[in-house]
Amino acid sequence: MADDFTILAGTVGNGLWRSPDGGETWGWGRGSLTFLDVRVYGLAVHPLDPSVVYVGTDTGLHRSTDRGEVFELVDGPLAGIDVWRIAFDPVDPETIFVGTRPGQILRTRDAGKSWEVLPADIAATGAPAGRTRLTGLQVDPDDRNQVWGCIEVDGVRRSRDGGATWTHELLGFTRDFHWLSILPGSPKRIFMTTPGYVLRSDDGGESFQQFDVPTPYPSPYFREMFVKPGDPDVLLLGVGEHVFGAQGAVLRSTDRGETWSSVPMPNPPNSPIWGFGSHHSNPERVVTNSHYGELYVSEDAGASWRKLDRELTDVRVVTWLPN
(Lines give C-alpha, C1' and ligand atoms only; values in the text may rest on other atoms or scores of the structure.)
Protein backbone atom coordinates (compact mmCIF):
# COMPACT_ATOMS: atom_id res chain seq x y z
CA MET A 1 0.00 0.00 0.00
CA ALA A 2 1.17 3.51 -0.82
CA ASP A 3 0.81 4.74 2.76
CA ASP A 4 3.14 2.11 4.24
CA PHE A 5 6.39 3.49 2.84
CA THR A 6 8.28 6.75 2.36
CA ILE A 7 10.22 7.64 -0.78
CA LEU A 8 13.25 9.92 -0.68
CA ALA A 9 14.62 11.40 -3.93
CA GLY A 10 17.78 13.50 -4.05
CA THR A 11 18.17 16.08 -6.81
CA VAL A 12 20.95 18.35 -8.00
CA GLY A 13 19.90 21.92 -7.26
CA ASN A 14 16.41 21.21 -5.93
CA GLY A 15 17.20 19.50 -2.65
CA LEU A 16 15.79 16.31 -1.14
CA TRP A 17 12.19 15.48 -1.95
CA ARG A 18 10.13 13.32 0.40
CA SER A 19 6.87 11.44 -0.09
CA PRO A 20 5.49 9.87 3.12
CA ASP A 21 2.77 7.98 1.21
CA GLY A 22 4.55 6.03 -1.48
CA GLY A 23 4.59 8.77 -4.10
CA GLU A 24 1.10 10.21 -3.73
CA THR A 25 2.17 13.55 -2.23
CA TRP A 26 5.54 15.28 -2.06
CA GLY A 27 7.34 17.93 -0.04
CA TRP A 28 10.69 18.84 1.49
CA GLY A 29 12.16 17.97 4.84
CA ARG A 30 12.93 20.53 7.52
CA GLY A 31 16.12 21.47 9.29
CA SER A 32 19.51 21.45 7.58
CA LEU A 33 18.07 20.34 4.22
CA THR A 34 15.37 23.00 3.95
CA PHE A 35 17.10 25.09 1.29
CA LEU A 36 16.20 24.10 -2.24
CA ASP A 37 19.58 24.68 -3.87
CA VAL A 38 21.26 21.81 -1.98
CA ARG A 39 22.75 19.14 -4.25
CA VAL A 40 22.01 15.62 -3.03
CA TYR A 41 24.32 12.79 -4.13
CA GLY A 42 23.96 9.95 -1.62
CA LEU A 43 21.32 8.28 0.57
CA ALA A 44 21.69 5.49 3.15
CA VAL A 45 19.09 4.08 5.54
CA HIS A 46 20.32 2.57 8.80
CA PRO A 47 20.19 -1.24 8.40
CA LEU A 48 18.58 -1.82 11.83
CA ASP A 49 16.58 1.38 12.37
CA PRO A 50 14.75 2.77 9.32
CA SER A 51 13.99 6.00 11.14
CA VAL A 52 17.67 6.93 10.78
CA VAL A 53 18.66 8.25 7.35
CA TYR A 54 21.97 9.73 6.19
CA VAL A 55 22.12 12.07 3.19
CA GLY A 56 25.26 13.12 1.34
CA THR A 57 25.20 16.60 -0.20
CA ASP A 58 27.41 19.43 -1.40
CA THR A 59 27.17 20.91 2.11
CA GLY A 60 28.27 17.77 3.94
CA LEU A 61 26.63 14.79 5.62
CA HIS A 62 23.13 15.20 7.10
CA ARG A 63 21.23 12.86 9.43
CA SER A 64 17.55 12.36 10.20
CA THR A 65 16.13 10.31 13.07
CA ASP A 66 12.49 10.56 11.95
CA ARG A 67 12.45 8.96 8.50
CA GLY A 68 13.65 12.02 6.66
CA GLU A 69 11.27 14.64 8.01
CA VAL A 70 13.86 16.73 9.90
CA PHE A 71 17.63 16.73 9.23
CA GLU A 72 20.67 17.97 11.10
CA LEU A 73 24.15 18.56 9.70
CA VAL A 74 26.70 16.07 11.06
CA ASP A 75 29.47 18.13 12.64
CA GLY A 76 33.10 17.45 11.89
CA PRO A 77 35.43 17.33 8.89
CA LEU A 78 32.64 16.57 6.40
CA ALA A 79 30.88 19.91 6.90
CA GLY A 80 31.07 21.82 3.64
CA ILE A 81 32.45 18.80 1.72
CA ASP A 82 30.68 17.08 -1.19
CA VAL A 83 29.56 13.70 0.19
CA TRP A 84 28.70 11.20 -2.56
CA ARG A 85 28.53 7.74 -1.02
CA ILE A 86 27.65 6.26 2.39
CA ALA A 87 28.18 2.59 3.38
CA PHE A 88 27.43 0.81 6.65
CA ASP A 89 29.53 -1.96 8.15
CA PRO A 90 27.20 -5.02 7.95
CA VAL A 91 28.20 -6.22 11.43
CA ASP A 92 28.50 -2.90 13.29
CA PRO A 93 26.33 -0.10 11.84
CA GLU A 94 28.04 2.39 14.15
CA THR A 95 30.91 2.04 11.68
CA ILE A 96 30.16 4.03 8.53
CA PHE A 97 32.32 4.70 5.48
CA VAL A 98 31.83 7.88 3.45
CA GLY A 99 33.17 8.77 0.01
CA THR A 100 33.57 12.38 -1.09
CA ARG A 101 34.42 14.74 -3.95
CA PRO A 102 37.37 15.35 -4.37
CA GLY A 103 37.95 11.66 -3.80
CA GLN A 104 38.57 10.62 -0.20
CA ILE A 105 37.26 7.79 1.97
CA LEU A 106 36.51 8.55 5.62
CA ARG A 107 35.37 6.29 8.44
CA THR A 108 33.55 6.75 11.70
CA ARG A 109 33.32 4.05 14.37
CA ASP A 110 30.85 5.94 16.56
CA ALA A 111 27.99 6.91 14.18
CA GLY A 112 29.52 10.23 13.20
CA LYS A 113 30.89 11.61 16.46
CA SER A 114 34.46 11.33 15.18
CA TRP A 115 36.02 10.69 11.77
CA GLU A 116 39.32 9.60 10.25
CA VAL A 117 40.54 10.01 6.68
CA LEU A 118 41.64 6.63 5.35
CA PRO A 119 44.86 6.24 3.27
CA ALA A 120 43.17 5.31 -0.03
CA ASP A 121 45.51 7.61 -2.00
CA ILE A 122 42.94 8.97 -4.46
CA ALA A 123 43.88 11.74 -6.88
CA ALA A 124 42.04 15.01 -6.35
CA THR A 125 41.45 15.62 -10.06
CA GLY A 126 41.32 13.58 -13.23
CA ALA A 127 40.28 14.16 -16.82
CA PRO A 128 37.64 14.47 -18.16
CA ALA A 129 35.46 14.81 -15.04
CA GLY A 130 37.59 17.35 -13.17
CA ARG A 131 37.42 16.62 -9.46
CA THR A 132 37.34 12.91 -8.65
CA ARG A 133 34.38 11.50 -6.76
CA LEU A 134 33.37 8.21 -5.10
CA THR A 135 30.61 6.74 -7.25
CA GLY A 136 30.53 3.35 -5.52
CA LEU A 137 31.36 2.31 -1.95
CA GLN A 138 30.50 -1.02 -0.32
CA VAL A 139 31.54 -3.27 2.53
CA ASP A 140 31.44 -6.93 1.58
CA PRO A 141 28.23 -8.36 3.13
CA ASP A 142 30.04 -11.64 3.93
CA ASP A 143 33.40 -10.24 5.05
CA ARG A 144 33.48 -6.84 6.75
CA ASN A 145 37.25 -6.61 6.26
CA GLN A 146 36.76 -6.28 2.50
CA VAL A 147 35.85 -2.72 1.54
CA TRP A 148 35.64 -1.52 -2.08
CA GLY A 149 35.43 1.94 -3.55
CA CYS A 150 35.17 2.93 -7.21
CA ILE A 151 36.03 6.40 -8.39
CA GLU A 152 35.17 8.70 -11.24
CA VAL A 153 37.88 9.09 -12.57
CA ASP A 154 40.68 7.40 -10.60
CA GLY A 155 40.00 3.68 -10.76
CA VAL A 156 39.14 1.28 -7.92
CA ARG A 157 40.42 0.97 -4.36
CA ARG A 158 40.22 -2.12 -2.16
CA SER A 159 40.91 -2.69 1.52
CA ARG A 160 41.38 -6.16 2.95
CA ASP A 161 41.65 -5.00 6.55
CA GLY A 162 38.53 -2.96 7.20
CA GLY A 163 39.93 0.28 5.79
CA ALA A 164 43.34 0.45 7.47
CA THR A 165 45.24 -0.02 4.18
CA TRP A 166 44.21 0.17 0.52
CA THR A 167 45.40 -1.04 -2.87
CA HIS A 168 44.75 0.29 -6.37
CA GLU A 169 42.84 -2.38 -8.32
CA LEU A 170 41.78 -3.05 -11.94
CA LEU A 171 44.78 -1.18 -13.34
CA GLY A 172 44.35 -2.74 -16.78
CA PHE A 173 40.93 -1.17 -17.32
CA THR A 174 39.49 2.33 -17.47
CA ARG A 175 39.90 4.85 -14.65
CA ASP A 176 36.22 5.88 -14.99
CA PHE A 177 33.90 3.76 -12.81
CA HIS A 178 30.25 4.34 -11.94
CA TRP A 179 29.15 1.60 -9.52
CA LEU A 180 30.05 -1.65 -7.81
CA SER A 181 27.89 -4.46 -6.46
CA ILE A 182 29.08 -7.36 -4.30
CA LEU A 183 26.81 -10.40 -4.40
CA PRO A 184 26.70 -12.39 -1.16
CA GLY A 185 27.13 -16.14 -1.35
CA SER A 186 29.39 -18.44 -3.33
CA PRO A 187 31.04 -18.06 -5.70
CA LYS A 188 31.86 -14.51 -4.66
CA ARG A 189 30.75 -12.40 -7.61
CA ILE A 190 31.45 -8.68 -7.98
CA PHE A 191 30.22 -6.35 -10.72
CA MET A 192 31.67 -2.97 -11.67
CA THR A 193 30.05 -0.60 -14.14
CA THR A 194 31.84 1.88 -16.34
CA PRO A 195 30.26 4.36 -18.76
CA GLY A 196 30.48 1.90 -21.66
CA TYR A 197 30.74 -1.64 -20.29
CA VAL A 198 30.39 -3.93 -17.27
CA LEU A 199 33.14 -5.89 -15.50
CA ARG A 200 32.58 -9.11 -13.56
CA SER A 201 34.68 -11.09 -11.09
CA ASP A 202 33.87 -14.66 -10.09
CA ASP A 203 36.72 -15.04 -7.60
CA GLY A 204 36.02 -12.36 -5.02
CA GLY A 205 37.75 -9.59 -6.92
CA GLU A 206 41.07 -11.27 -7.61
CA SER A 207 40.44 -10.99 -11.37
CA PHE A 208 37.89 -9.22 -13.58
CA GLN A 209 36.72 -9.68 -17.15
CA GLN A 210 34.65 -7.49 -19.40
CA PHE A 211 31.15 -8.94 -19.49
CA ASP A 212 28.80 -8.60 -22.45
CA VAL A 213 25.44 -7.28 -21.25
CA PRO A 214 22.90 -7.05 -24.11
CA THR A 215 21.19 -3.65 -24.21
CA PRO A 216 18.77 -1.84 -26.55
CA TYR A 217 21.56 0.59 -27.51
CA PRO A 218 24.60 0.23 -29.78
CA SER A 219 26.76 2.36 -27.45
CA PRO A 220 25.21 1.95 -23.98
CA TYR A 221 25.80 4.14 -20.95
CA PHE A 222 25.69 2.22 -17.64
CA ARG A 223 25.01 3.53 -14.14
CA GLU A 224 23.91 1.64 -11.01
CA MET A 225 23.14 -2.02 -10.31
CA PHE A 226 20.61 -3.38 -7.81
CA VAL A 227 20.95 -6.64 -5.88
CA LYS A 228 17.70 -7.97 -4.41
CA PRO A 229 17.94 -8.21 -0.59
CA GLY A 230 18.00 -11.85 0.45
CA ASP A 231 18.05 -13.13 -3.15
CA PRO A 232 21.23 -12.14 -5.03
CA ASP A 233 20.10 -14.15 -8.06
CA VAL A 234 17.92 -11.15 -8.98
CA LEU A 235 19.80 -8.14 -10.34
CA LEU A 236 18.75 -4.89 -12.02
CA LEU A 237 20.98 -2.63 -14.09
CA GLY A 238 20.34 0.95 -15.20
CA VAL A 239 21.34 1.91 -18.74
CA GLY A 240 20.76 4.62 -21.34
CA GLU A 241 21.64 5.42 -24.91
CA HIS A 242 24.14 8.13 -23.85
CA VAL A 243 25.00 10.21 -20.79
CA PHE A 244 22.81 12.98 -22.25
CA GLY A 245 20.52 10.58 -24.12
CA ALA A 246 16.73 10.77 -24.36
CA GLN A 247 16.15 7.07 -23.66
CA GLY A 248 16.77 4.69 -20.79
CA ALA A 249 16.04 1.10 -19.81
CA VAL A 250 16.09 -1.33 -16.88
CA LEU A 251 17.89 -4.63 -17.50
CA ARG A 252 17.04 -7.63 -15.30
CA SER A 253 18.75 -10.91 -14.46
CA THR A 254 17.41 -13.81 -12.40
CA ASP A 255 20.57 -15.96 -12.51
CA ARG A 256 23.23 -13.84 -10.76
CA GLY A 257 24.02 -11.91 -13.91
CA GLU A 258 24.54 -14.78 -16.36
CA THR A 259 21.73 -13.63 -18.66
CA TRP A 260 19.90 -10.31 -18.97
CA SER A 261 16.71 -8.99 -20.54
CA SER A 262 15.20 -5.54 -20.95
CA VAL A 263 12.14 -4.95 -18.74
CA PRO A 264 9.04 -3.34 -20.32
CA MET A 265 8.42 0.11 -18.83
CA PRO A 266 5.05 1.93 -18.67
CA ASN A 267 6.54 4.70 -20.82
CA PRO A 268 9.89 5.16 -22.58
CA PRO A 269 12.14 6.70 -19.88
CA ASN A 270 13.28 10.19 -20.87
CA SER A 271 16.98 9.61 -20.06
CA PRO A 272 19.31 6.92 -18.64
CA ILE A 273 18.04 4.96 -15.66
CA TRP A 274 20.29 6.22 -12.89
CA GLY A 275 19.74 4.54 -9.53
CA PHE A 276 17.74 2.04 -7.47
CA GLY A 277 16.49 1.96 -3.92
CA SER A 278 15.25 -0.92 -1.77
CA HIS A 279 14.72 -2.01 1.82
CA HIS A 280 15.09 -5.47 3.31
CA SER A 281 11.66 -5.24 5.00
CA ASN A 282 10.08 -5.83 1.57
CA PRO A 283 12.59 -7.20 -0.97
CA GLU A 284 9.97 -7.12 -3.75
CA ARG A 285 9.63 -3.33 -3.66
CA VAL A 286 12.16 -1.32 -5.67
CA VAL A 287 12.20 2.34 -6.66
CA THR A 288 14.19 3.72 -9.56
CA ASN A 289 14.65 7.00 -11.41
CA SER A 290 15.68 8.35 -14.75
CA HIS A 291 18.42 10.95 -14.80
CA TYR A 292 15.95 13.69 -15.64
CA GLY A 293 13.35 13.22 -12.98
CA GLU A 294 11.02 10.34 -13.73
CA LEU A 295 10.27 8.00 -10.80
CA TYR A 296 9.10 4.38 -10.94
CA VAL A 297 8.03 1.75 -8.38
CA SER A 298 8.09 -2.03 -8.73
CA GLU A 299 6.34 -4.46 -6.38
CA ASP A 300 7.83 -7.60 -7.96
CA ALA A 301 11.61 -7.01 -7.73
CA GLY A 302 11.78 -5.16 -11.03
CA ALA A 303 9.80 -7.53 -13.28
CA SER A 304 7.21 -4.78 -13.86
CA TRP A 305 6.96 -1.08 -13.05
CA ARG A 306 4.51 1.75 -12.54
CA LYS A 307 5.42 5.38 -13.14
CA LEU A 308 4.68 7.97 -10.48
CA ASP A 309 2.85 11.10 -11.56
CA ARG A 310 5.36 13.43 -9.93
CA GLU A 311 8.46 14.30 -11.95
CA LEU A 312 11.47 16.10 -10.50
CA THR A 313 14.70 17.65 -11.80
CA ASP A 314 18.05 15.87 -12.28
CA VAL A 315 17.55 13.03 -9.78
CA ARG A 316 20.82 11.47 -8.63
CA VAL A 317 19.66 9.06 -5.92
CA VAL A 318 16.42 7.50 -4.71
CA THR A 319 15.39 5.07 -1.98
CA TRP A 320 12.44 4.03 0.15
CA LEU A 321 11.94 3.06 3.79
CA PRO A 322 9.04 1.57 5.75
CA ASN A 323 6.70 3.87 7.71
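Everything numeric here is computed off the predicted structure, so don't read it as measured data.
A side-chain donor-acceptor contact under 3.5 Å links Asp142 to the backbone of Gly185. No donor-acceptor pair closer than 3.5 Å links the side chain of Thr100 to the backbone N or O of Gly103. Without hydrogens or angle criteria, Thr193 side chain to Trp179 main chain gives a donor-acceptor distance under 3.5 Å. Judged by distance alone, the side chain of Ser290 and the main-chain N or O of Pro269 form no donor-acceptor pair under 3.5 Å. Side chain of Arg85 to main chain of Leu137: no donor-acceptor pair is present (N/O by atom type, distance under 3.5 Å, no hydrogens or angles). Not one N or O on the side chain of Ser278 forms a donor-acceptor pair closer than 3.5 Å with the backbone of Val286. Listed for the Thr194 side chain is no donor-acceptor partner under 3.5 Å among the backbone atoms of Phe177. Distance alone, capped at 3.5 Å, places no donor-acceptor pair between the Thr108 side chain and the Thr95 backbone. One N or O on the side chain of Asn323 and one on the backbone of Pro20 form a donor-acceptor pair closer than 3.5 Å. A donor-acceptor contact shorter than 3.5 Å links the side chain of Ser253 to the backbone of Thr259.
A continuous path of hydrophobic side-chain contacts links Trp26 to Phe5 [ILVMFWY only; heavy atoms under 4.5 Å]. Taken together through direct or relayed side-chain contacts under 4.5 Å among Ile, Leu, Val, Met, Phe, Trp and Tyr, Trp17 and Val315 form part of one hydrophobic cluster. Residues Phe71 and Val38 fall within the same hydrophobic cluster, defined by Ile, Leu, Val, Met, Phe, Trp and Tyr side chains chained together at heavy-atom separations under 4.5 Å. There is a path of hydrophobic side-chain contacts, each under 4.5 Å, that joins Trp260 to Phe222. Trp115 and Ile86 fall within the same hydrophobic cluster, defined by Ile, Leu, Val, Met, Phe, Trp and Tyr side-chain heavy atoms under 4.5 Å apart, directly or through other members.
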Could you go through Thr11 and Arg316, starting from their C-alpha distance and side-chain angles, then the distance that decides it, and tell me whether this counts as side chain to side chain contact (heavy atoms under 4.5 Å, CB included)? CA-CA 6 Å; Thr11 72; Arg316 294 298 178 91; over 6 Å; no
Assess whether side chain to side chain contact (heavy atoms under 4.5 Å, CB included) is satisfied between His168 and Asp121, documenting all intermediate values. CA-CA 9 Å; His168 196 162; Asp121 190 28; over 6 Å; no
Is there a side chain to side chain contact (heavy atoms under 4.5 Å, CB included) between Val117 and Leu106 once you walk through the steps? CA-CA 4 Å; Val117 179; Leu106 294 87; 3.8 Å; yes
Verdict with supporting geometry, Glu284 and Lys228, salt bridge (charged side-chain N to carboxylate O under 4.0 Å, His left out): CA-CA 8 Å; Glu284 299 298 316; Lys228 182 180 178 182; 2.5 Å; yes
Could you go through the side chain to side chain contact (heavy atoms under 4.5 Å, CB included) check for Val318 and Ile7 one step at a time? CA-CA 7 Å; Val318 65; Ile7 301 175; 4.0 Å; yes
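A search for salt bridge (charged side-chain N to carboxylate O under 4.0 Å, His left out) contacts involving Glu294 returns nothing, not counting sequence neighbours. Scored by the salt bridge (charged side-chain N to carboxylate O under 4.0 Å, His left out) test, Arg131 finds Asp82 as partners (sequence neighbours excluded). Glu241 is linked by a salt bridge (charged side-chain N to carboxylate O under 4.0 Å, His left out) to nothing, counting only residues two or more places apart in sequence or in another chain.
Between Glu94 and Arg109 there is no salt bridge, since no side-chain N of the basic residue sits under 4.0 Å from a carboxylate O of the acidic one. We find that Arg160 and Glu169 are joined by a salt bridge, their nearest charged nitrogen and carboxylate oxygen being less than 4.0 Å apart. Ion pairing of Lys188 with Glu206 is absent here, as no side-chain N (NZ or NE/NH1/NH2) approaches a carboxylate O to less than 4.0 Å.
For residues 35-45, the pairs satisfying side-chain hydrogen bond (donor to acceptor under 3.5 Å, both in side chains) are Tyr41-Arg101, with sequence neighbours left out. Judged as a side-chain hydrogen bond (donor to acceptor under 3.5 Å, both in side chains), the pairs with a partner in residues 43-56 (not counting sequence neighbours) are, in order, Asp49-Ser51, Tyr54-Arg63.
Taken to the nearest 0.5 Å, the CD1 atom of Ile105 stands 8.5 Å off from the OG atom of Ser159. One finds the CE atom of Met225 at 12.0 Å from the CD1 atom of Ile190 (value rounded to the nearest 0.5 Å). In this structure, CG in Leu43 is found 11.5 Å from NE2 in His62, a value given to the nearest 0.5 Å. Expressed to the nearest 0.5 Å, how far CG of Leu295 lies from OG of Ser19 amounts to 9.5 Å. Expressed to the nearest 0.5 Å, how far OG1 of Thr288 lies from CD1 of Ile273 amounts to 4.5 Å. The structure places CG of Asp154 at 10.0 Å from CG of Leu134, a figure rounded to the nearest 0.5 Å.
For the pair Arg133 and Trp84, the cation-pi test (distance below 6.0 Å, angle within 45°) is passed.
Summarising the geometry of Val317 relative to Val40, their closest heavy-atom pair is CG1-CG1, 4.0 Å, with the distance given to 0.1 Å. Residues Ala164 and Arg107 come closest through the heavy atom pair N-NH1, 4.2 Å.
Residues Ser114 and Glu116 bring no donor and acceptor atom of their side chains to less than 3.5 Å of each other.
Considering only heavy atoms from C-beta on, Trp28 stays 4.5 Å or farther from Leu33 through its side chain. Using a 4.5 Å heavy-atom cutoff, the side chains of Arg158 and Val147 are not in contact. Inter-residue side-chain proximity for Leu312 and Asn14 is flagged as unmet; no heavy-atom pair is nearer than 4.5 Å. Counting only heavy atoms from C-beta outward, the side chains of Asp176 and Val153 approach each other to under 4.5 Å. Under the 4.5 Å side-chain criterion, counting only non-hydrogen atoms from C-beta, Glu258 is in contact with Arg189. Side-chain contact check for Phe191 versus Leu237: every heavy-atom pair is 4.5 Å or farther apart. Side-chain contact between Cys150 and His178 is absent, with no heavy atoms from C-beta onward closer than 4.5 Å. Within the 4.5 Å cutoff, no side-chain heavy atoms of Asn145 are placed close to those of Asp161.
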Listing, residues 207-216 side-chain donor-acceptor contacts under 3.5 Å, not counting sequence neighbours, or none:
unit_1, atom_1, unit_2, atom_2, d
Ser207, OG, Asp203, OD2, 2.6
Thr215, OG1, Tyr217, N, 3.1
Thr215, OG1, Tyr217, O, 2.9

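Ring planes of Phe276 and Phe226: tilted class, angle from 30 to 60°. Aromatic ring pairs are classed by plane angle as parallel below 30°, tilted from 30° to 60° and perpendicular above 60°; the pair Tyr197 and Phe173 is tilted.
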